[in-house]
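The figures here come from the full heavy-atom set of this structure, side chains too, leaving out hydrogens, waters and symmetry mates. Keep in mind the model is a prediction, meaning the values are calculated, not measured.
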Amino acid sequence: MNGSKTYFPAIATRQAEMRALGRLAGPTKDLLLPLIKLQAWPRIKQSDTGFVSRSLNELFEAFGARRVIIDLASPRYDRESEAVSCGRAEISALHAPIEGFRAWVDLMRLHAQFIPVVQWTIDQVILRQEVQELLALDRGLVFRLKRGQNWNLDGIDLLGGISFRGSRVLVIVDCEQIALRDDLTLLASAAQRTILYAKSKLAAPDLHFVVIGSSFPSSFSDIHPTTAKLDIRERQIFSLLRESPPLLRQGIQLQYGDHASVYAAERTPSFRGSPRVDYPAPHRWIYHRRPASEGFGVAAKAITDEDDWDKALLCWGAQEIRRAAAGDVAGLNSASPWTAVRINVHLHQQAHFSAGGASVIEEAWTD
């Protein structure tokens, strides 16, 4: 399942994330095994068969036939409309536990490049049926253990006696949103206990672990009104765990993932705020905010003047920052395109940092 993959970003089928993913260079995409949170696209074309179908089309356009891990978004939405209601119904149907999550298993069966994530339930019969049917697809299997759901350890307890021999099993330990006040040592200890517990309970000879999380903030004005450099705390947690003696004694070699510089907790979308440009470096995010009168171009110029700015970085997002810094902000005069820029640079940086290689890719990108 993992092969040459070195980076496991959790990405939703939303416009900014799909745009950022699609504009990575091919060799960079080859380093990724994304964890895709499947949610309904807000609008569909006449040729689409539904809102989920449109999301899948957007994913295929962005990432091609490469293998991806597929999970389900929550069916909850913060606003109501006919389109949202229809999309929510499609996602809710995939969440239905009937006949061992029949709709979910059938969707996974249709797409050979999908590695399925087990959908949790406290009904042991249904959960075990789902796991057995997903194992029968012979693509490997993924368990996602979320901090906010007590790491789903009650679900792990229901799987005793299932043999995973012959299947590669990946456990994603999701720290979810990491607040500035969170004690990283305590959080890493909780993740470590989860990893050791899952290893003791899952009869999987070919067992692998990924740790993900997000410390990307939900707001910036209360951090600093104009600029700040923020440590990527999920990287720090990973570093703590990677050198953990209890994990090393068990022969557990962790791999790195994150939420792709996206705030991981539920929140109402915000479409207002001062023009802000973010620059993801391997270990931290740098941002510059400017008054509306100055705009995104001035913020971008402040980014390229930073000592941390990598003049050799050639990914699409970095080129967009350079373009705006030079005064061309066509298509870049609102927050939405800048989200795609940030995610693209973050994905590029983390993929190559995780691979231990240079971040310069000579392959040209095309828009």
For this session: Only counting residues at least two apart or in another chain, list the ones meeting salt bridge (Lys or Arg N to Asp or Glu O under 4.0 Å) with D30.
Result: R66
Problem set entry | Test log, rule side-chain hydrogen bond (donor to acceptor under 3.5 Å, both in side chains), inputs T226 and H224 | CA-CA 6 Å; T226 58; H224 193 279; 3.2 Å; yes
Exercise. Does the separation of the ring centres of H283 and F353 fall below 6.0 angstrom?
Worked result: yes
For residues 107-119, which side-chain donor-acceptor pairs fall under 3.5 Å, sequence neighbours excluded?
residue	atom	partner	partner atom	Å
R109	NH1	D106	OD1	2.8
Q119	NE2	D71	OD1	2.9
Q119	NE2	V117	O	3.1

Exercise. When clusters are formed by joining ILVMFWY residues with side-chain heavy atoms under 4.5 Å apart, either directly or through shared neighbours, do L202 and L153 land in the same one?
Worked result: yes
For residues 291-300, please give each side-chain donor-acceptor pair under 3.5 Å, one per line with the distance, not counting sequence neighbours.
none

Exercise. H352 and S354: side-chain donor and acceptor closer than 3.5 Å?
Worked result: no
Side-chain donor-acceptor distances from residues 176-183 under 3.5 Å, at least two apart:
residue	atom	partner	partner atom	Å
E176	OE1	G148	N	2.6
Q177	OE1	A264	N	2.6
Q177	NE2	S214	O	3.2
Q177	NE2	F216	O	3.0
D182	OD2	R147	NH2	3.3
D182	OD2	A179	N	2.8
D183	OD1	T185	N	2.9
D183	OD1	L186	N	3.1

Problem set entry | Modelled atom types, side-chain donor and acceptor of H346 and W285, under 3.5 Å | yes
Problem set entry | side chain to side chain donor-acceptor pair (under 3.5 Å) contacts in which one or both residues fall within residues 327-336, not counting sequence neighbours | R323-D328
For this session: Drop me the distance from W151's CH2 to C175's SG, to the nearest 0.5 angstrom.
Result: 4.0 Å
Problem set entry | Minimum heavy-atom distance A20-N344, with the two atoms named | O-ND2, 2.9 Å
For this session: Give, for atom CG of L38 and atom CD1 of I36, the distance between the pair rounded to the nearest 0.5 Å.
Result: 9.0 Å
Problem set entry | Contact list for residues 213-242, test salt bridge (Lys or Arg N to Asp or Glu O under 4.0 Å), sequence neighbours left out | K229-E306, K229-D308
